Student: 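If you scroll down you'll find the structure; I have some questions about it.
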Amino acid sequence: MKTSSIPDTSTTTVSEPVVATGNEPAVTESVVLLSGNEAIARGAVEAGVLVAVGYPGTPSTEILESIADRNDIDVRWSPNEKVALDVALGASLGGVRALATMKHVGLNVAADTFMTAAYTGVGAGLVIVSADDPGMHSSQNEQDNRAYARMAGVPMLEPSNSAEAKQCTVLAFEISEEFDTPVLIRTTTRVSHNRGIVELGTRAEHPVKGFAPDPAKYVMVPGYARGRRPVLLDRLRRLADRSEVSPLTVESGVGSEFGVVTSGIAYHYVREVLPEARILKLGMTYPLPIERIRAFSESVGRLFVVEELDPIMENDIKAAGIAAEGKSFFPQIGELSPDVVRRGFVAAGVLIDQPGTHPDPAPPTVARPPLMCPGCPHTPPFLALKRLGAVVTGDIGCYTLAALSPLAAMDTCLAMGSSIGMAVGMAASGGAGKPVVATIGDSTFMHGGIQGLADAVYSQANITVIILDNGTTAMTGGQEHPGTGVTLQGATTTAVDLVGLCTALGVTHIKVVDPYDLAATYNAIEAATAHVGPAVVITNRPCVEAPMKVRDRPYAVISDACTACQACMAAGCPSIIWSDETYEGRRKVIIDSATCTGCTLCAQLCPPLAIVPVPLIASPVEVAGV
Amino acid sequence: MSDNTSGLVLAGVGGQGVVMASMIVADALVRAGHDVKQSEVHGMAQRGGSVFSHIRWGPQVDSPLVPVGTASVLASFEWAEAIRWVPYVRVGGVVIADVRTIVPPGACADRRSWTTRYPEIDPSLLLDRRLKARLIDAAATATALGNVRAANSVILGSVAAFVDVEQSHWEASIERLVPRGTVDVNLAAFRAGLEVAEAPTPAPAPEHRGFSGPHQIDIRQEWCKGCDICSRVCPEYCLEVGSDASLNVSNPDACTGCRLCELLCPDFAISISAPRQTAHVGAFNEPGEIEDESD
């Protein structure tokens with residue numbers, strides 16, 4: 001069975017017995033369909049990783065989740081990416097192979113450790129995975145983390161499919177130990193979330209080597225750090241030599257008119273559009289194999305560089321005095337696709353556009369943006385905030401969807417934990433003209449909110465902080481965090497007490513409220529905004545989707561009592577839509593009993609009390625048309 | 001374009017099980033000896049948003065994304081999603097569209113025309129594009145077999161009718177990937193899907209008559225004591241009580257005439273009068289509506 005055009009350089013063979021985790025969709029015993037993320041995790045398993053740590057973030061989350069049930073690896077969530085990388089580096093210095101995973105913006109949080117880890121080097125192998133999100137499917141920006149490898153001086157590997165994702169991970173650990181450096185694996189959404197065929201190998205055992213104290217290497221005071229700087233630069237020169245002979249570099253195709261240098265998912269798009277073209281495909285993209293590229297460029301007329309996002313390889317290649325074309329034909333914004341790459345080569349004059357190959361656009365259809373779930377406990381606080389007319393500095397999580405209509409109750413959203421510091425600044429500016437309220441989820445508060453609240457206390461900022469505690473990291477699918485009292489591998493542990501933490505920081509006005517009680521929520525938030533100095537409101541209903549699905553008795557609309565006032569529609573609940581019946585020319589509403597969780601919010605909003613629980617004796621089907 | 005690579009697009013709404021269904025398709029294709037790539041996007045799209053999965057197979061697959069206009073089959077679990085993804089189907093390709101509708105609340109936002117922004121179930125929207133369209137009601141078929149939750153297997157059966165993979169491979173993949181205890185009903189649903197009947201086209205929804213302009217809000221300031229009941233209850237945020245306890249109409253154009261303020265005012269200080277009734281004037285997508293084409 002065909003799996004990859006690239007020879008497998010892993011140290012293991014596929015004929016040996018396979019230790020499957022049970023998660024992967026095994027098609028045969030040793031050939032499985034894995035997502036890029038699952039393949040990275042599988043590579044870490046086969047490389048003998050003993051500690052794997054990260055913070056959830058799309059598109060990286062499934063890497064750790066796919067190996068959470070293994071009892072031979074310590075797999076864990078950290079409160080944020082910096083702590084995760086600190087933990088992984090500490091484990092590496094302790095002498096075990098360690099993996100740290102995060103999304104692209106997570107590496108910003110971990111960058112402080114990342115930059116200096118390039119100076120210290122490692123104990124046992126240390127691999128950091130950055131999953132980038134070109135096109136911003138689920139992110140606040142589309143930064144290109146290949147720049148981080150260059151900034152820190154850390155070697156980088158870029159897989160283009162699942163088979164390579166596993167191969168790159170195994171190879172990254174070997175490079176890490178051979179060159180005494182952390183290694184960055186950079187994937188993108190289309191690699192992380194694309195399933196492809198992977199041949200499984202066996203797990204290599206790398207016993208604990210133990211910590212070898214070496215202050216000149218591991219204590220980065222200026223005097224010692226100055227000694228490590230030349231080590232870093234010398235290491236990069238040797239890595240550049242290694243890059244020239246990397247087994248991940250593959251040359252294919254025929255012809256001398258033009259050639260293409262590419263990497264990652266863009267490689268497959270180029271092959272899709274130009275199956276026969278000369279292609280130099282790179283897997284180790286920092287340091288670049290410049291001499292290999294130079295020789296390739298001399299064998300072709302025009303040299304194209306096809307890469308997603310920034311012209312990073314293009315600029316390096318041009319800086320080496322090699323003529324190349326890239327971003328003049330291929331966009332710097334958003335994801336590439338076969339269609340986008342085709343258009344680029346048409347613009348470059350390499351391909352001829354065939355008329356009639358463009359399908360008609362889709363007929364008009366309804367916009368379907370993501371929504372807060374039926375029964376989401378985050379909805380009521382934002383209804384209250386809209387009614388209060390507060391300036392709301394938001395944060396990152398499901399509740400960011402409250403920025404969309406009909407709630408439209410959020411004014412800012414930047415980075416993890418930014419809500420509180422921005423609220424402090426907004427209050428300091430005196431320019432808000434309204435109460436200033438920061439909204440932040442429990443996991444995001446653990447990640448980056450605590451220091452902001454310390455500043456609010458320190459500066460006695462006149463703000464309200466609403467901690468939306470739903471007991472999980474909901475946006476990424478329901479992961480554990482230090483406030484949940486449960487670990488990624490299912491063990492019970494001590495939960496951080498939010499009220500105790502806020503009290504310890506010095507907050508004097510703290511109110512815990514059930515967000516399903518709309519009046520109490522409104523009153524708690526109104527009282528907090530009236531308080532002089534920092535105030536905290538904690539909403540405490542669990543997420544309706546994780547860790548367990550909450551499904552209470554559904555509610556239904558008594559059609560004869562509905563006055564079509566649309567008050568319930570203000571919550572934006574996906575279970576409530578218009579009926580075909582009208583009252584005074586306005587549409588009445590119906591509730592989909594199959595998706596209603598029975599949260600009671602709409603019933604609390606309904607002035608004529610037309611929304612009632614579905615009677616226990618009737619079937620939901622019968623009541624739907626009441 | 002690698003001509004020997006085939007493409008399939010599965011589309012639906014977050015929570016419908018698109019990803020699980022696409023894993024079954026990919027698993028069956030691997031069993032049939034193909035190189036397979038399957039691509040989807042997790043994250044925000046799952047929150048009730050549009051969800052898709054691309055599957056490509058052949059001797060050696062490059063792009064995991066199906067290029068526009070090349071899919072041999074599009075299977076949609078929901079009507080509006082079939083319309084959204086139909087440009088991915090090649091001329092002469094097949095669209096399997098479940099007539100199930102999931103109307104997002106954002107489609108119920110035009111309180112002038114009171115028409116939903118949801119495409120009518122009209123087969124010509126698909127058939128005009130030179131392709132084969134098959135409208136099915138998978139939930140009805142699955143319910144008849146005893147479990148509405150097997151509806152996705154009915155759709156998989158419909159897909160299998162147009163994909164050259166032996167039935168035994170499909171059934172092995174279903175057995176392996178569906179939840180324990182549901183294998184039998186899912187297999188029955190899959191077999192039913194192979195020859196599922198065309199769903200009848202529903203009658204178009206009645207046209208609604210709305211109002212051409214906002215209602216008139218009259219306030220007797222001398223009777224108003226600024227108690228704030230009306231402004232708190234107004235669903236459209238039309239009313240505002242100022243710092244001097246005077247009641248102001250801050251957003252008169254948004255009034256839909258629900259008369260909650262009039263009915264709940266303890267001092268009878270508000271009266272609402274309706275404008276002339278006329279045929280609806282709502283455009284399909286008005287400016288200002290969220291145009292977040294999330295995929």
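If you're wondering where the values come from, they're calculated on a predicted model, not measured in any experiment. Letters A, B, ... mirror the listed sequences (proteins, then strands); counts begin at 1.
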Student: Report yes if the side chains of B:Q38 and A:L33 come closer than 4.5 Å at any heavy-atom pair, otherwise no.
Tutor: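 Side chain of B:Q38 against side chain of A:L33, heavy atoms only: no contact under 4.5 Å found.
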Student: For chain B, find which of A:A567, A:G196, A:S35 contributes the most heavy-atom pairs closer than 4.5 angstrom.
Tutor: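 Heavy-atom pairs under 4.5 Å are most numerous for A:A567.
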Student: Which atom pair, heavy atoms only, marks the closest approach of B:H34 to A:I197?
Tutor: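 Minimum heavy-atom contact is O-CD1, 3.6 Å.
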Student: With only heavy atoms counted, which part of A:C568 is less than 4.5 Å from chain B, the side chain, the backbone, both or neither?
Tutor: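 Answer is neither: A:C568 stays 4.5 Å or more from chain B.
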Student: Let me know if A:L605 has heavy atoms under 4.5 Å from chain B in its side chain, its backbone, both or neither.
Tutor: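 Neither the backbone nor the side chain of A:L605 comes within 4.5 Å of chain B.
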Student: Report which part of A:P59 has an atom under 4.5 Å of a heavy atom belonging to chain B: side chain, backbone, both, or neither.
Tutor: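 No part of it gets close to chain B.
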Student: Rounded to the nearest 0.5 Å, what separates atom OG1 in B:T70 from atom CD in A:E272?
Tutor: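 Reported to 0.5 Å precision, the distance equals 7.5 Å.
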Student: Quick one: closest heavy-atom pair of A:M569 and B:P105, and the distance?
Tutor: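 Scanning both residues, the minimum pair turns out to be CE-O, 4.5 Å.
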Student: Just how far is it from atom OG of A:S337 to atom CG of B:L65, taken to the nearest 0.5 Å?
Tutor: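 Taking OG in A:S337 and CG in B:L65, the distance rounds to 6.5 Å.
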Student: Quick check on B:V103 against chain A: is it the side chain, the backbone, both or neither that has a heavy atom closer than 4.5 Å?
Tutor: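 Both backbone and side chain.
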Student: If only atom types and distance count, is the side chain of B:R84 paired as donor or acceptor with the main-chain N or O of A:V366 below 3.5 Å?
Tutor: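 Looks like yes, one N/O pair under 3.5 Å.
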Student: For the interface with chain A, which of B:R259, B:R130, B:R232, B:E236 has the highest count of heavy-atom pairs at distances below 4.5 Å?
Tutor: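 Top count of heavy-atom pairs under 4.5 Å with chain A: B:R232.
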Student: If I compare all heavy atoms of A:P364 with all of B:P119, which pair ends up nearest, and what's the gap?
Tutor: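 Residues A:P364 and B:P119, closest heavy atoms: O-CB, 4.0 Å.
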Student: What residues form a side chain to side chain contact (heavy atoms under 4.5 Å, CB included) with B:T143, not counting sequence neighbours?
Tutor: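 If we apply the side chain to side chain contact (heavy atoms under 4.5 Å, CB included) test to B:T143, skipping adjacent residues, the hits are B:V148.
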Student: Using heavy-atom distances under 4.5 Å, tell me whether B:I83 contacts chain A through its side chain, its backbone, both, or neither.
Tutor: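 Both parts, backbone and side chain.
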Student: Is A:R387 reaching over with its side chain to a backbone N or O of B:S231, donor-acceptor style, under 3.5 angstrom?
Tutor: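 Checked: pair present.
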Student: Go through A:P374, A:S162, A:P607 and name the one with the most non-hydrogen pairs under 4.5 angstrom from chain B.
Tutor: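 Among A:P374, A:S162, A:P607, the one with the most close pairs to chain B is A:P607.
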Student: Contact part of B:S173 toward chain A, heavy-atom cut-off under 4.5 Å: side chain, backbone, both or neither?
Tutor: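 B:S173 has no heavy atom closer than 4.5 Å to chain A.
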Student: Who wins among A:G57, A:C376, A:A362, A:P574 for the most heavy-atom pairs under 4.5 Å with chain B?
Tutor: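 Result: the option with the highest number of such pairs is A:A362.
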Student: State whether the side chain of A:T365 and the backbone N or O of B:A80 hold a donor-acceptor pair below 3.5 Å, judged by distance alone.
Tutor: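 Looks like yes, one N/O pair under 3.5 Å.
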Student: Select one option (side chain, backbone, both, neither) describing which atoms of B:I102 are under 4.5 Å from chain A's heavy atoms.
Tutor: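 Backbone plus side chain of B:I102, per the 4.5 Å heavy-atom cut-off to chain A.
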Student: So, A:R587 side chain and B:W114 main chain: donor-acceptor pair closer than 3.5 Å or not?
Tutor: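 Confirmed, A:R587 side chain pairs with B:W114 backbone.
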Student: In terms of heavy-atom pairs under 4.5 Å, which option from B:C108, B:P104, B:P235, B:C258 contacts chain A the most?
Tutor: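 Going by pairs under 4.5 Å, I would pick B:C108.
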Student: Are B:P64 and A:Y269 close enough that some pair of their side-chain heavy atoms sits under 4.5 Å apart?
Tutor: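 B:P64 vs A:Y269: side chains touch.
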Student: Once rounded to the nearest 0.5 Å, what's the spacing between atom CG of B:D62 and atom CD1 of A:I265?
Tutor: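 Interatomic distance, B:D62 CG to A:I265 CD1, rounded to 0.5 Å: 9.0 Å.
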Student: For the CZ atom of A:R195 and the OG atom of B:S53, what is their distance to the nearest 0.5 Å?
Tutor: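 Rounded to the nearest 0.5 Å, the CZ-OG separation comes to 7.5 Å.
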Student: For B:W79, give me all partners under ring-ring contact (aromatic ring centres under 6.0 Å, His included), at least two apart in sequence or on another chain.
Tutor: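 Expected list: none.
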Student: Looking only at heavy atoms, which two atoms of A:P361 and B:R129 are closest? And how far apart?
Tutor: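 Nearest pair, atom of A:P361 first, then B:R129: O-NH1, 3.0 Å.
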Student: Using non-hydrogen atoms and a 4.5 Å limit, figure out which bit of B:E78 sits close to chain A: side chain, backbone, both or neither.
Tutor: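 Looking at B:E78, just its side chain touches chain A.
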Student: For B:E240, is the CD atom crowded, meaning more than 12 foreign heavy atoms sit under 6.0 Å from it?
Tutor: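 At most 12 heavy atoms, drawn from other residues, nucleotides or ligands, come within 6.0 Å of this atom.
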Student: Give the minimum heavy-atom separation between A:L383 and B:Y237, together with the two atoms involved.
Tutor: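 In terms of heavy atoms, the two residues are closest at CD2-OH, 4.4 Å.
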